[in-house]
Amino acid sequence: SSSLSPLPVRGSEGLYMVNGPPSFTESTAFRRDSGKNCKAVAFSRDGSLFAWCNGEKVNIVNVTSAELLRSFDLPKAVCLEFSPKNNVLATWQAYTTAKDGAAGVPNLQLHEVKTGKCLKSFIQKKMQNWCPCWADDESICARNVNNEVHFFENNNFNTIANKLHLQKVNDFVLSPGAQPTKVAVYVPGSKGAPSFVRLYQYPNFGGPQSALANKSFFKADKVTMLWNKKATAVLVIASTEVDKTGASYYGEQTLHYIATNGESAVVQLPKNGPIYDVVWNPNSVEFCAVYGFMPAKATVFNLKCDPVFDFGTGPRNAAYYSPHGHILVLAGFGNLRGQMEVWDIKNYKLISKPVASDSTYFAWCPDGEHIVTATCAPRLRVSNGYKIWHYTGSLLHSHEVPSTEEMWQVSWQPCLDGVFPAKAVKYQAVPSELPGAEPKPAQAYRPPALRNKPVTSSKLHEDEPPQNMKPQSGSSDKPLSKTALKNQRKHEAKKAAKQEAKAEGNQESTPSPASQRAPRSAVPAVTSGDPEVDKKIKNLKKKLKAIEQLKEQAAAGKQLEKNQV
């Protein structure tokens, strides 16, 4: 069909396929499954196969011809996934034990797509991370069993080819791309020992010496590990369930960078607060973080973890790179109003600012031109539907399901890299039949006494503009380096402490007698008579003292960061 990338739509009206741009009509090739019980859908990675379960069977069709290829009797299946090269379909259903407490039956099935035969069944109690993970060429497949990782080779599931055994592997992620496969593993800390993430190259799982890289941290109840596409580095978002300082109910997050060459660093984020989202650019040499109490900051970093571009602050909690990596969308979904900023990141120019209110889902089309946003149940039960946009801000298609119905899911048909060539970035909005979806700006509540008085603008906070849109005040707009950032933070902390001291001083009108004030330093200060020289001497002494401390820590066996060394 001339239409690109169809979209399956799953909901209370059943399952049907919509043709992608430019037609947006329902596909006639795929026969609508009108059952109200469609629990899951899955495409193969190349987009050629499509599977769904409808409460009776799990079906696989060829997407182009819509021909039914396989049907499995799995009425209770609720999760489906294809292996990367379409050889295996994995299905999962809830695990149940027998009434008499006897062990339940295996609930994770691996079926060979070509023959339909069941290759293996496993017991997999948790739904979280239920699916085995394959290397992209399917040479290895791995799953976490009782805190160790079991590896199978060439889809032979009757023999465990290798085991990765550490005290308690809580989670692991295989690297994308070609051989050799690398594995990132997370081991949570216990009894005062720190948590750590280690990178290995399959199958070298000997002692700690065999690891490619290792990073430990104390603040982690759970971690998210993100490989870049070239498999040269992993970003780790470590979070605690609770924030000890009480500053945030999100808990506390830190962002760490670990490279397969053994380098690691903490990514310094210049604003405090939660980390909402971190994404790698598909080019693998930059990543974007969205972080800090609202209005959140967004910054692009390089592999040295230095800031490359700062987008200032705004109502946002998510970031999405286009498949070719030349456009970045910053968006505020969930409890925010759906504002999106579409940036050309070769030139750091803002392309458009569409608004998709009440969105619970966002996805780039593999063509790098179109975007779908959707409002789905159960997250939101009213005005369910989807919208298709061009990144230049034009709304091309909008569909809302009847108010009595729900929509649960919509997604694009995926395709392999290189199917769609990258195109030059456009700034002019592409033509559309539909008016833009501009929501009416909500009027601020005004108490009756003020209603006929002139409006005074009272913004709670001014948004900080992106670094290249700041009023030029002679200062360079290059983002600060790590050291400069640390110094700026120290400076701000000192300022705050001074102000605090001042405030306390104001409360007690009687100055405390000098005898009670502890002298700043008991050692008489040696002065050279030149304040600049004194300052330098003081700084050098401070550095030497810090070096001594680090040497002591290293002697005590602490692993130092690169910058500390």
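For the numbers below, each heavy atom of this structure counts, side chains included, while hydrogens, waters and symmetry mates do not.
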Could you check if a side-chain atom of [X] sits within less than 4.5 angstrom of a side-chain atom of [Y], using non-hydrogen atoms only?
X      : Y      : value
Cys38  : Cys53  : no
Gln124 : Trp92  : yes
Ser139 : Trp134 : no
Trp52  : Val58  : no

> Can you name the one residue among Leu255, Leu226, Val279 that meets side-chain contact (heavy atoms from CB on, under 4.5 Å) with Phe287?
Replying inline: Leu255
Output yes when a side-chain donor or acceptor of [X] lies under 3.5 Å from a complementary backbone atom of [Y], and no otherwise.
X      : Y      : answer
Thr159 : Ala161 : no
Thr375 : Asp358 : yes
Trp389 : Pro354 : no
Gln413 : Gly47  : yes

> Side-chain donor-acceptor pair under 3.5 Å between Tyr321 and Glu286, yes or no?
Replying inline: no
> Excluding sequence neighbours, so at least two apart, what forms salt bridge (Lys or Arg N to Asp or Glu O under 4.0 Å) with Glu263?
Replying inline: Lys562
> How would you list, by chain and number, every residue that makes a salt bridge (Lys or Arg N to Asp or Glu O under 4.0 Å) with Lys423, sequence neighbours excluded?
Replying inline: none
>> Quick one, Gln109 with His111, criterion side chain to side chain donor-acceptor pair (under 3.5 Å). Give me CA distance, side-chain angles, the key distance, then yes/no.
In response: CA-CA 6 Å; Gln109 261 79 32; His111 281 94; over 6 Å; no
Are [X] and [Y] an aromatic pair by the rule of ring centers under 6.0 Å?
X      : Y      : value
Phe30  : Phe50  : yes
Phe217 : Phe196 : no
Phe205 : Phe151 : yes

> Looking at Glu369 and Lys426, does any basic side-chain N land under 4.0 Å from a carboxylate oxygen?
Replying inline: yes
> Step by step, would you call Lys85 with Asp137 a salt bridge (Lys or Arg N to Asp or Glu O under 4.0 Å)?
Replying inline: CA-CA 7 Å; Lys85 296 185 79 85; Asp137 65 358; over 6 Å; no
> Should the heavy atoms of other residues, nucleotides or ligands under 6.0 Å from CZ of Arg32 be counted, would the total exceed 12?
Replying inline: yes
>> Asn87 vs Glu138, test: side chain to side chain donor-acceptor pair (under 3.5 Å). Steps then yes/no.
In response: CA-CA 9 Å; Asn87 290 311; Glu138 293 191 20; 2.9 Å; yes
> Is Arg45 positioned over the aromatic face of Phe82, cation under 6.0 angstrom from the ring centre and no more than 45 degrees off axis?
Replying inline: no
> Taking the inter-plane angle between the rings of His370 and His390 on a 0 to 90° scale, is it parallel (under 30°), tilted (30 to 60°) or perpendicular (over 60°)?
Replying inline: perpendicular
> Parallel under 30°, tilted from 30 to 60°, perpendicular over 60°: which one fits the rings of Tyr386 and His397?
Replying inline: tilted
> To the nearest 0.5 Å, how far apart are CD in Glu153 and SG in Cys141?
Replying inline: 11.0 Å
